[in-house]
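Notes follow once the structure below has been shown.
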Amino acid sequence: MRETSGTSGASIELEHLTKRYPGAPEPAVDSVSMGIKAGETVVFVGPSGCGKSTTLKMINRLTEPTGGRIRINGEDVTDIDPVKLRRKVGYAIQSAGLFPHMTVAQNIALVPRMIGWGKGRIGDRVEELLDLVGLDPGEFHDCYPRQLSGGQQQRVGVARALAADPPVLLMDEPFGAVDPITRDHLQDELIRLQRELHKTIVFVTHDFDEAIKLGDRIAVLRERSHIAQFDTPEAILTNPADDFVSGFVGAGAALKRLNLTRVRDVKIADCPTVTFEDPPRTILARLRGSGTNEILLLDGRGRPYRWFSRADMTRVKGAPARAGTPVSGSVAGDATLRDALEAVLTDPAGRVAVTGRHGEYTGVVDMETLMNSVRELLEADRLGAVEHPPALEEIRADRQEGADGGGRKA
Ligand code: ADP
């Protein structure tokens, strides 16, 4: 993974933040108070029109609040010069919002130019950012937005939001306009980026699954941005505060929970192994002595190669490498339990090898280990669910201690 020596996140406090649009009978956002910790990803989720975007846009004062205060790392930014605020707060929106008459590089350079960076520094930064968001600088630097796919435009949008290395990144339905597969990739990329950058991210979506995937905490908002629940995805899935939140969580909370956990974080089974170079008698002895129905043959690099079962014992003579069943699929330790479940359900024998970074064998998952893991997770959620979000005072105390970020779940 690349090392980046950038600014990491800042805490955000909203105090009775309110927006009344002229002529509207009700405020669009009515006295929202919440504390967001440095380095965490908080997702606002709620029905269309409930005030998510308005709340978000007040944080960088694209929309001016009509009441309340905003503090970033303790500094009251409610009345500071908005240009100064742009250094602290990056902003990415749906459809990337790139300027069509500017090249990719010019789009990314907007904020650094606005705040007076020199040419050389801007040039270096643009290269660095393109690389960071997975676009080859040589190929994309001089392109115009119309020459890029939706997903590529969105990456440029994120690069532009990060250009001046702000501690806070606001994202307003950034992946709302791309197809589901690209969207999934962009979400994975954002998780990767955040693991490197530790920004404070506030992300707006109406898609609860997206909120679960990305959020360290989720604020479920109802009309006028009233907070229905503000908690970890685990707590919201297992202990929704009321019917409104349950309605948003939707069916299948236990299944959604599977998306929150990686294979490497649960107990997996170990299957006896041999290498395909081992002589047949070693293989047979191993299987007989193992007490299991099958063992796994590994290739020269320790990667799963063939499953070898008791039924294969008669066929082993002389050529163990050709006996048994080829390993058709495996899951990486980074895969979610949902991916693992999918793999186990589609495997003819209902078990799948787990592999490490270089494809090497690290264990096996089957239905039983998965079910045990999920039961344990749900039980732990029930016991440990935090009923109430931390109060603003706790967030302030956190900041005083110089908290540099809760770090996201891996
Ligand atoms: P969401 O992001 O949750 O869909 P918004 O924050 O966009 O909700 O809108 C909240 C409410 O404020 C809606 O009733 C919307 O019509 C109103 N609204 C949003 N922007 C403006 C505006 N510029 N002028 C007047 N009303 C607005």
Side-chain angles (χ1 to χ4, degrees), residues 12-36 40-70 72 77-79 82 85-86 89-98 150 154 157-158 161 168-178 180 183 186-187 190 200-231 233 236 240-250 389:
I12 304 172
E13 290 151 41
L14 309 182
E15 287 180 7
H16 302 294
L17 199 61
T18 298
K19 178 66 183 183
R20 281 178 182 280
Y21 286 109
E26 300 268 3
V29 173
D30 183 21
S31 193
V32 180
S33 296
M34 68 163 58
I36 295 169
E40 78 173 333
T41 301
V42 165
V43 181
F44 293 170
V45 65
S48 177
C50 76
K52 303 180 293 292
S53 284
T54 302
T55 307
L56 192 79
K57 283 191 273 190
M58 286 196 281
I59 299 175
N60 66 352
R61 308 231 325 273
L62 268 175
T63 295
E64 287 292 346
T66 46
R69 319 287 323 159
I70 308 145
I72 295 182
V77 298
T78 327
D79 303 307
L85 196 54
R86 302 288 180 269
V89 185
Y91 183 57
I93 57 173
Q94 187 168 348
S95 304
L98 302 177
Q154 214 57 65
V158 172
V168 174
L169 182 58
L170 307 181
M171 308 186 84
D172 194 348
E173 300 241 12
F175 312 143
V178 293
R183 184 177 213 199
L186 290 169
Q187 290 166 344
L190 183 64
T200 304
I201 299 180
V202 189
F203 190 106
V204 163
T205 183
H206 60 266
D207 174 356
F208 191 72
D209 290 326
E210 182 165 68
I212 292 179
K213 183 166 174 186
L214 298 177
D216 292 315
R217 287 194 293 161
I218 299 174
V220 184
L221 303 178
R222 52 166 90 226
E223 68 287 354
R224 298 192 294 286
S225 259
H226 285 168
I227 299 173
Q229 190 166 11
F230 183 26
D231 214 326
I236 290 177
D242 56 22
D243 289 348
F244 176 83
V245 178
S246 307
F248 233 89
V249 170

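Counting starts at 1 for both ligands and their atoms, following the listed order. Start at 1 with the first residue, then count along the sequence.
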From the options Val77, Thr200, Val89, Val42, select the one residue that forms a side-chain contact (heavy atoms from CB on, under 4.5 Å) with Ile12. Thr200
Residues forming a side chain to side chain contact (heavy atoms under 4.5 Å, CB included) with Ala161, sequence neighbours excluded: Ala92, Leu169
I need the Leu85 CG to Leu62 CG distance, nearest 0.5 Å. 9.0 Å
Please enumerate all residues that pass side-chain hydrogen bond (donor to acceptor under 3.5 Å, both in side chains) together with Arg224, with sequence neighbours excluded. none
Extract all N/O-N/O pairs under 3.5 Å that connect ligand 1 to the protein, and present each with both atom names and the distance rounded to 0.1 Å.
from, atom 1, to, atom 2, distance (Å)
ligand 1, 2 (O), Ser53, N, 2.8
ligand 1, 2 (O), Ser53, OG, 3.1
ligand 1, 3 (O), Gly49, N, 3.4
ligand 1, 3 (O), Cys50, N, 3.1
ligand 1, 3 (O), Gly51, N, 3.0
ligand 1, 3 (O), Lys52, N, 2.9
ligand 1, 3 (O), Lys52, NZ, 3.0
ligand 1, 4 (O), Gly49, N, 2.7
ligand 1, 6 (O), Thr54, N, 2.9
ligand 1, 6 (O), Thr54, OG1, 2.5
ligand 1, 8 (O), Gly51, N, 3.2
ligand 1, 20 (N), Tyr21, OH, 3.2

Tell me every residue that passes side chain to side chain contact (heavy atoms under 4.5 Å, CB included) with Gln187, counting only those two or more places apart in sequence or in another chain. Phe175, Arg183, Asp184, Glu210, Lys213, Leu214
So which of His16, Lys19, His226 actually passes side-chain hydrogen bond (donor to acceptor under 3.5 Å, both in side chains) with Asp30? His226
